[in-house]
Amino acid sequence: MSGEKARRRQLGTLLRIRRLEEDLAKGELARANALIRRQQDQLAQARQAYQQQTAPPEVCDVRDFQAQLARNRSVAAMVRGSERAVTDAVDEAARTRDRVRLARIKTQGLERLVERVDQVVFAEMLAADQRTAEESRASRHTKGNR
């Protein structure tokens, strides 16, 4: 029985580690989701800037037109960069969600194993109590017949 108790302690320690790993993964997921929100806000700002700055002037010469075109391209590049950042953040969040799911699966498997070990220890305790009770009854029965 002490072997099962030692195994239970080892599994308990491993279970605490697994739960910590799961909590860390959940923290990473929260950070990834916050990054998505920040990137989406930046994208919205970039799109708003694009809409504000891309309105063509009513009258302009060639140099003003070229300057306006360069500004438009710059703002468009900001929008594309923001879109790419949102996509990257969403992809990273998906990978992080997979890590959380895997950590949870590992934790659940270990929890079931710990429960089984607890059941075995409990069954062994019951069996030992039963043997003690039977021995006690048997010794009373033999003493009573003398």
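Hydrogens, waters and symmetry mates play no part in the numbers below; they use all other heavy atoms, side chains included. Throughout, numbering of the chain's residues begins at 1 and tracks the sequence.
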**Request:** Under the side chain to side chain contact (heavy atoms under 4.5 Å, CB included) rule, what do Val120 and Val117 come out as? Steps first, then yes or no, please.
**Result:** CA-CA 5 Å; Val120 167; Val117 168; 5.6 Å; no

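Under the 4.5 angstrom side-chain criterion for Ile, Leu, Val, Met, Phe, Trp and Tyr, the cluster partners of Val100 are Leu29. If you chain together ILVMFWY residues whose side-chain heavy atoms come under 4.5 Å of each other, Val79 ends up grouped with Ile36, Leu43, Tyr50, Val75, Val86, Val90. Under a 4.5 Å side-chain heavy-atom cut-off, the cluster of Ile, Leu, Val, Met, Phe, Trp and Tyr residues that includes Val62 has no other member. Leu35 forms part of no hydrophobic cluster, judged by ILVMFWY side-chain heavy-atom separations under 4.5 Å.
Cluster annotation: Val121 is connected to Leu113 through the hydrophobic network of ILVMFWY side chains, with a link wherever side-chain heavy atoms come within less than 4.5 Å.
The list of side-chain hydrogen bond (donor to acceptor under 3.5 Å, both in side chains) pairs with a residue in residues 104-118, not counting sequence neighbours, reads Arg8-Asp118, Arg19-Glu111, Glu22-Arg104, Glu22-Thr107. Residue pairs meeting the side-chain hydrogen bond (donor to acceptor under 3.5 Å, both in side chains) criterion with at least one member in residues 33-47, sequence neighbours excluded, are Arg47-Glu83.
Evaluation of the side-chain contact (heavy atoms from CB on, under 4.5 Å) rule for Asp61 yields Arg63, Asp64 as partners, not counting sequence neighbours. Checked against salt bridge (charged side-chain N to carboxylate O under 4.0 Å, His left out), Arg99 has the following partners two or more places apart in sequence or in another chain: Glu28, Glu92. Evaluation of the side-chain hydrogen bond (donor to acceptor under 3.5 Å, both in side chains) rule for Glu134 yields Gln130 as partners, not counting sequence neighbours. For Thr132, the side-chain hydrogen bond (donor to acceptor under 3.5 Å, both in side chains) test picks out no residue, with sequence neighbours left out. With sequence neighbours excluded, the residues that form a side-chain hydrogen bond (donor to acceptor under 3.5 Å, both in side chains) with Asp98 are Arg101. Residues meeting the side-chain hydrogen bond (donor to acceptor under 3.5 Å, both in side chains) test with Arg71, sequence neighbours left out: Gln68.
A distance of 6.5 Å separates CG in Asp129 from CE in Met125, rounded to the nearest 0.5 Å. The distance from atom NZ of Lys26 to atom CG of Leu24, rounded to the nearest 0.5 Å, is 11.0 Å.
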